[in-house]
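Notes for the one structure printed next.
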Amino acid sequence: MSMWSLILHGGAKTIEPSDEAANRKGCARALQAGTDILAAGGGAIDAVLAAVRALEDDPTFNAGYGSVLNAEGEVETCAALMEGNRFQVGAIAAAQGIRNPIEAARAMLEEEPVLIAGRGAHLFAREHGAATCRPEDLAPPGKASTGPEGRHDTVGAVALDRDGRMATAVSTGGVEGKPPGRVGDSPQPGCGFYCDDRLGGVVFSGDGEHIARCMLAAGVMHALSEQIAPDDAVRAALERLEEIGGEAGGILLTPLGQLGFAHNSSHFAVAFASSEAPEPRIYLRKDEAAE
Ligand code: ASP
């Protein structure tokens, strides 16, 4: 096994024409951060960590710096990282004041508990060397606002490294105006993400309550085990979601480096590259990919 591949997304959402360039640029930068690691022989965990950290640092995306505000005008973040060999999962939820939530999820990967929430997540981050900050430091002045609009989205990445190892990462500020302490699909394995070296890795973005209720990531893994093609596996999950309403997008990568993505949101910022096709490809809508 010597090929590598990385797919990432910057959220299932509506992208206004004025935000298109920032979304493409942010995805390109994150892709570069991850593929540099994979091309140099680095591991899938490090690659998804680097890609998601770059997306968190970019206020274009609702994760880390630039996260939306909850009903009390505060940033609360969720993040998760999973590797597909031993099924280790590290996740944090409703966490405040962690500069890069994905760093705390990475540290959690080594721990027995799967998910740590709230104040415990902040304390864990501080004790394990993930940079902490004031909660308000994650809200760029003039950008985030509470309101009835319910802005949301998430960032995520799936990587396959040259050793055939896979990893999946996700990070989100959740849904604008959410109640304090609310946790969506993103840090819950089988809902917002999953990873299995034998089947593949998947990450979703979208309406977290709906995604969790339908266990979308689990549905995709089941479809992969039935040899369903990657695009069809994500599409079938979205069809299931549509039975209860809800907007989402998902990205998928298989151990053979095949990728798939689909969305029922108007846009879904997606980027990918592999050792076979290293030129970055970036789409803001699936139908661009078909052109
Ligand atoms: N799934 C995220 C959440 O519910 C938000 C999103 O991806 O739009 O927290």
Side-chain angles (χ1 to χ4, degrees), residues 7-15 19 23 26-27 30 52 55-56 58-64 66-71 74-82 91-96 98 101-102 105 115 117-118 121 138 144 146-158 168-194 202-220 234 237-238 240-242 244-252 261-270 284:
I7 182 166
L8 62 82
H9 78 78
K13 57 190 174 182
T14 298
I15 301 176
D19 294 331
N23 273 271
C27 285
V52 167
L55 292 163
E56 286 178 341
D58 186 334
T60 306
F61 306 103
N62 173 26
S67 290
V68 296
L69 305 183
N70 68 14
E74 295 173 338
V75 169
E76 281 185 340
T77 59
C78 298
L81 208 155
M82 178 169 189
I92 60 155
Q96 291 198 297
I98 302 176
I102 198 64
L115 193 157
L138 295 177
T146 45
E149 193 188 338
R151 177 185 160 232
H152 62 82
D153 54 276
T154 289
V155 305
V158 188
T168 296
V170 53
S171 182
T172 188
V175 179
E176 188 173 22
K178 65 188 177 181
R182 174 266 184 191
V183 176
D185 62 302
S186 299
Q188 300 190 57
C191 299
F193 70 94
Y194 203 76
V202 63
V203 196
F204 279 96
S205 166
D207 292 323
E209 282 68 17
H210 296 74
I211 295 172
R213 285 160 60 202
C214 292
M215 296 196 303
L216 284 200
V220 167
V234 184
L238 294 179
R240 183 164 151 71
L241 182 79
E242 283 163 3
I244 60 162
E247 185 178 271
I251 56 172
L252 166 64
F261 68 101
H263 58 106
N264 65 2
S265 50
S266 68
H267 297 85
F268 190 38
V270 170
L284 301 187

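Counting convention: from 1, in listed order, for ligands and their atoms alike.
Counting heavy atoms closer than 4.0 Å to ligand 1, residue S186 contributes side-chain atoms (C-beta onward) but none from N, CA, C or O. Of all the heavy atoms of R182, the ones lying under 4.0 Å from any atom of ligand 1 belong exclusively to the side chain.
At least one side-chain heavy atom of F204 sits under 4.5 Å from a side-chain heavy atom of L238. Proximity of N23 to K13: side-chain heavy atoms (C-beta onward) are separated by under 4.5 Å at one or more points. Between F61 and C27, some side-chain heavy-atom pair lies under the 4.5 Å cut-off. With a 4.5 Å cut-off on side-chain heavy atoms, T154 and H9 count as touching.
Looking at N62, V68, D185, V170 and measuring to atom 1 (N) of ligand 1, the nearest heavy atom belongs to D185.
At a threshold of 4.0 Å, the pair R182-E76 does not count as salt-bridged, since none of the basic side-chain nitrogens sits closer than that to a carboxylate oxygen.
An N or O contact shorter than 3.5 Å is missing between V175 and ligand 1 by distance. On a distance-only criterion, I211 and ligand 1 share no N/O pair closer than 3.5 Å. Looking at ligand 1, you won't find any N or O of E209 less than 3.5 Å from one of its N or O atoms. Looking at ligand 1, you won't find any N or O of D207 less than 3.5 Å from one of its N or O atoms.
In the vicinity of S205, heavy-atom distances shorter than 4.0 Å reach the ligand 1 atoms 6 (C), 7 (O), 8 (O). Distances below 4.0 Å separate heavy atoms of D153 from the following atoms of ligand 1: 5 (C), 6 (C), 7 (O), 8 (O). The G174 neighbourhood of ligand 1 comprises atoms 9 (O), with distances under 4.0 Å to a heavy atom of that residue.
With respect to atom 8 (O) of ligand 1, the closest heavy atom belonging to the protein is H152 ND1, 2.4 Å. For atom 2 (C) of ligand 1, the nearest non-hydrogen atom of the protein is T154 OG1, 3.2 Å.
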Please walk me through it: do T60 and D19 pass side-chain contact (heavy atoms from CB on, under 4.5 Å)?
CA-CA 8 Å; T60 306; D19 294 331; 5.7 Å; no
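Residues A12 and S265 approach most closely at CB-OG, 3.3 Å, considering heavy atoms. Of all the heavy atoms in K178 and G173, the pair that sits closest is NZ-O, 2.8 Å.
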